[in-house]
Protein chains: 2
Amino acid sequence: MSGSISQDQISTLLRRNQLSVTEGRRRILEVFMEAGIALSHHDIEEKTSERLDRVTVYRTLQTFLEKGIMHTIPTTDNSVLYALCKDTCGDGHHHDDHVHFICEICGTTTCLDGLTIPFITLPDGYQVSQVNMIVNGRCKKCAA
Amino acid sequence: MSGSISQDQISTLLRRNQLSVTEGRRRILEVFMEAGIALSHHDIEEKTSERLDRVTVYRTLQTFLEKGIMHTIPTTDNSVLYALCKDTCGDGHHHDDHVHFICEICGTTTCLDGLTIPFITLPDGYQVSQVNMIVNGRCKKCAA
DNA sequence: GTAACTGCAAAATATTTGCATCCTT
DNA sequence: AAGGATGCAAATATTTTGCAGTTAC
């Protein structure tokens with residue numbers, strides 16, 4: 001399972017974001033890549049507790065959010081999930097507009113940055129600077 | 001200021017949602033109607049501290065979220081705001097799709113339920129059941 | 001070697017729960 | 001009168017901070 005995750009990929013992602021490669025950062029990225037879905041802070045703590053202190057998890061996630069490597073996604077039950085954005089991993093850049101797709105069956109979260117957010121017509125005089133969409137539904141696998 | 005907020009309006013909203021009219025619920029709705037913007041839990045506590053216990057604020061907000069009278073809105077700094085949805089106040093119904101507009105200048109939050117969320121094209125086979133949009137920008141007043 | 005990351009301990013905050021009392025209908 | 005809402009006290013949980021030791025480059 002973790003064999004499919006390349007350490008090179010992780011190192012590259014970190015370096016592209018001007019971050020040193022450390023145990024905490026590597027481990028947290030591994031967890032996200034293995035999971036493939038958005039995780040709560042609690043989930044992450046659980047999956048890293050053998051190797052990382054809770055405080056390191058807080059600080060690392062904070063760093064990742066600031067760098068735009070991860071994003072937070074609100075849930076309907078009023079909690080927050082952390083998601084690794086795939087295309088961000090690729091190019092190390094942070095985009096302003098985001099579409100997150102969350103599968104209601106398997107929980108898979110996909111960051112659809114490639115998707116163009118359609119123009120919406122707002123009341124007269126309103127100016128849009130940033131749009132975030134959260135799309136809930138069923139992913140390809142679970143739709144059938 | 002609070003003179004412009006009708007107690008009738010508040011009572012009606014509560015009754016439409018099968019909720020009894022109590023001090024805590026009335027006071028919290030007043031605060032939101034006076035403010036006109038989305039508020040953090042901390043804001044709400046502050047504005048009600050003279051009359052309500054902190055625990056009542058927690059329980060009342062929870063109730064309002066369950067009834068769909070209010071919604072939570074994630075912010076870019078990873079915290080959560082509570083917003084009273086205007087059209088929900090009107091008809092007492094909860095809609096699945098939501099568009100929230102947040103003015104980056106004055107903080108005014110508008111729940112644009114009347115707005116039709118445009119169809120977005122997702123990867124093959126994906127099914128959409130609910131969409132939430134958060135639009136950041138400048139409201140009419142602040143755009144000029 | 002130096003700057004930055006990490007773990008530990010502890011403080012500060014935030015949230016939940018139990019229960020007795022009061023209010024709404 | 002009865003069920004539910006509220007306040008208070010206290011238990012939990014969450015998040016932040018300071019500092020000393022360790023690691024990455």
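Quick note on labels: first sequence line is chain A, next is B, and so on, each numbered from 1. Note that these values count all heavy atoms, side chains included, but never hydrogens, waters or copies made by symmetry.
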- What's the verdict on side chain to side chain contact (heavy atoms under 4.5 Å, CB included) for B:Ile10 and B:Val21, showing C-alpha distance, side-chain angles and the deciding distance? CA-CA 8 Å; B:Ile10 288 177; B:Val21 181; 5.6 Å; no
- Whole-Å gap separating P (D:dT6) and CG (B:Leu61): 11 Å
- Grab the two heavy atoms, one from B:Ser49 and one from B:Glu46, that are nearest each other, plus how far apart they are. OG-O, 3.2 Å
- Message: Rounded to whole Å, how long is the line connecting atom CG of A:Leu65 with atom C1' of D:dT15?
- Response: 14 Å
- Item | Nearest-Å distance for atom pair CG/C1', residues A:Leu14 and D:dC25 | 14 Å
- For A:Arg26, look at atom CZ and say whether over 12 heavy atoms of other residues, nucleotides or ligands are found less than 6.0 Å away. yes
- Is the closest side-chain heavy-atom distance between B:His71 and B:Tyr82 below 4.5 Å? no
- Just how far, in rounded Å, is P of D:dT6 from CZ of B:Arg27? 14 Å
- Task: Using atom CD1 of B:Ile44 as one end and atom C1' of C:dT15 as the other, report the distance to the nearest whole Å.
- Result: 14 Å
- Note: contacts of residues 51-60 of chain A with DNA chain D (heavy atom, under 4.0 Å) are A:Arg54, A:Val55, A:Tyr58, A:Arg59
- Note on the structure: Closest non-hydrogen contact found for B:Ile28 with B:Val57 is CD1-CA, 4.1 Å
- Of A:Gly24 and B:Glu23, the one whose closest nucleotide on DNA chain C sits nearer the 5' end is A:Gly24
- Tell me: CD of A:Gln62 to C1' of D:dT14, nearest whole Å? 15 Å
- Message: Without decimals, in angstroms, what is the distance between A:Arg26 CZ and C:dC5 P?
- Response: 15 Å
- Task: Report yes if a side-chain nitrogen or oxygen of A:Thr22 is closer than 4.0 Å to either non-bridging phosphate oxygen (OP1 or OP2) of C:dT6; otherwise report no.
- Result: yes
- Can you find a pair of side-chain heavy atoms, one from B:Arg15 and one from B:Ser20, that are under 4.5 Å apart? no
- Message: Rounded to whole Å, please give me the gap between CD1 in B:Ile28 and P in D:dT6.
- Response: 8 Å
